[in-house]
Undergrad: 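Questions regarding the structure given below will be posed in turn.
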Amino acid sequence: MSSLRKNTCSGCGRPIAPFEAAVHFPCPECGDVTIWRCERCREMGKTYRCLKCEFEGP
Amino acid sequence: MARKKKKTEEPGKEKTDDVIEDFDEDFEIDFEEDLDLEEELDLLDTEDIKAGIEVKEEIIDKDEERKQLYLSCGIHIGTKLLTGDARRFFYRQTNYGLYVIDLTKTDERLKIAAKFLSKFVEEGSDRVIVTSIRRYGKEPVKKFCEVLGCRAITERFIPGSLTNPIIDTYIKDASVVVIVDPHADKVILHEAKLARIPVVSLFDTDDTLDGIDLAIPANNRGKKALGLAFYLLARQIMLELGKISSEDEFPHTLEEFTSKIVPVYRQEESR
Ligand SMILES: [Zn+2]
Ligand SMILES: [Zn+2]
């Protein structure tokens, strides 16, 4: 079932659509969690939060 | 006046011209609590590289040493603008309206960015793109890339280099982009967005976080500040990678990371 699970934005929590210019990277602080940012959140410089270490970026 | 006194004490610095004199007026009161005036002038690139690096006071410990280094290079000096995004990194405003960056945040973010970038360097340093359109950023970027094997872009960024596979300058598989100034480096910032590549950026008080994935709050205009930022970043990445086991083992100097460009009025002065 994991293939059906959509990645969600670490900022707004919305699922990431395959066509959008989203980005993902390891959490800069703990490195254990993959941070996803949807196109809109990234473009607008919205805050993202790591669910594990609570690091807040950008 | 404090400045006058200082001048007579330091005969070697008598050549200060009118341009610098004007700056003095502006900054004199402002930075009394933060910085020595000599150091403040450095921020405007009116001093030689060496002068400010010499830490005058006795060094108490490593943290203090680091703080002194930050202050002497003016990495905390922002601009007269403060964006909403920069509020989270700001410390205070001076009497003359200049915003000062919170040094603890700069320090914290430099370490986090080093940890972050070290992963990308480990996976393939030539896929790490570091760029500066700002002239004082070119040397630091080149040195940083020389030390870590990353790819430096210090000439004009050719549009399409991250997005268009058919052009010669196309960089395949770029993994992360490091920029100095979101305004000046906006073309690459835009392409990194389209190419879905994470962006790390130095971040001054007049910048916005649009398109940036990890910001390092720092003065991104000053010659010494830019040198220091890349010096510390490179050193910390080497530590993260285990290539050195202590800061002292880093085989490069801050000077090597600092631009050698002499400001125009200084060149005129020496004629
Ligand atoms: Zn989002
Ligand atoms: Zn984390």
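In this text the structure is predicted, and so the values were computed from the model without any measurement. A, B, ... follow the sequence lines: proteins, then strands. Residue 1 opens every chain.
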Undergrad: Checking Val23(A) against Ile197(B) for the side-chain contact (heavy atoms from CB on, under 4.5 Å) test, could you report, in this order, the C-alpha distance in whole Å, the side-chain angles of both residues, the deciding distance, and whether it holds?
TA: CA-CA 6 Å; Val23(A) 71; Ile197(B) 303 164; 6.0 Å; no
Undergrad: Which pair of non-hydrogen atoms, one from Lys193(B) and one from Ala21(A), has the smallest distance, and what is that distance?
TA: O-CB, 3.6 Å
Undergrad: With a 4.5 angstrom heavy-atom cut-off, could you sort out which part of Phe203(B) is near chain A: side chain, backbone, both or neither?
TA: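 Nothing of Phe203(B), per the 4.5 Å heavy-atom cut-off to chain A.
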Undergrad: Is it the case that over 12 heavy atoms from other parts of the model lie below 6.0 angstrom from the NZ atom of Lys142(B)?
TA: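 More than 12 heavy atoms, drawn from other residues, nucleotides or ligands, come within 6.0 Å of this atom.
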Undergrad: Side chain, backbone, both or neither: which part of Val176(B) has an atom under 4.5 Å from a heavy atom of chain A?
TA: neither
Undergrad: Please round to the nearest 0.5 Å and tell me the distance separating atom CG of Leu209(B) and atom SG of Cys41(A).
TA: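 The SG atom of Cys41(A) is 12.5 Å from CG of Leu209(B), to the nearest 0.5 Å.
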Undergrad: Is it the backbone or the side chain of Leu117(B) that comes under 4.5 Å from a heavy atom of chain A, or both, or neither?
TA: neither
Undergrad: What residue in Val199(B), Ile212(B), Leu194(B) has the most heavy-atom pairs under 4.5 Å with chain A?
TA: Ile212(B)
Undergrad: Drop me the distance from Phe55(A)'s CZ to Ile112(B)'s CD1, to the nearest 0.5 angstrom.
TA: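 It is 4.5 Å, given to the nearest 0.5 Å.
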Undergrad: Hey, is the main chain of Pro28(A) close enough, under 3.5 Å, to the side chain of Lys115(B) for a donor-acceptor pair?
TA: no
Undergrad: So does Arg196(B) have more than 12 non-hydrogen atoms from other groups sitting under 6.0 Å from CZ?
TA: yes
Undergrad: Side chain, backbone, both or neither: which part of Lys119(B) has a non-hydrogen atom closer than 4.5 Å to chain A?
TA: side chain
Undergrad: Please determine whether the number of non-hydrogen atoms from other residues, nucleotides or ligands lying under 6.0 Å from atom CD1 of Ile167(B) exceeds 12.
TA: yes
Undergrad: Highest number of heavy-atom pairs under 4.5 Å with chain B: which of Glu20(A), Glu39(A), Glu56(A), Lys46(A)?
TA: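 Max contact count across the listed options: Glu20(A).
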Undergrad: In terms of heavy-atom pairs under 4.5 Å with chain B, which of Arg37(A), His24(A), Met44(A) leads?
TA: Arg37(A)
Undergrad: Among Gly57(A), Gly31(A), Pro26(A), which has the most heavy-atom pairs under 4.5 Å with chain B?
TA: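 Ranked by heavy-atom pairs under 4.5 Å with chain B, first place is Pro26(A).
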Undergrad: Identify which part of Arg42(A) has an atom lying under 4.5 Å from any heavy atom of chain B, answering side chain, backbone, both or neither.
TA: both
Undergrad: Who among Asp210(B), Asp213(B), Thr208(B) has the most heavy-atom pairs with chain A under 4.5 Å?
TA: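 Most heavy-atom pairs within the cutoff with chain A belong to Asp213(B).
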Undergrad: Centre-to-centre under 6.0 Å for Phe25(A) and Phe116(B), is that the case here?
TA: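 Yes, close enough.
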Undergrad: Is the count of non-hydrogen atoms from other residues, nucleotides or ligands lying under 6.0 Å from Arg88(B) atom CZ greater than 12?
TA: yes
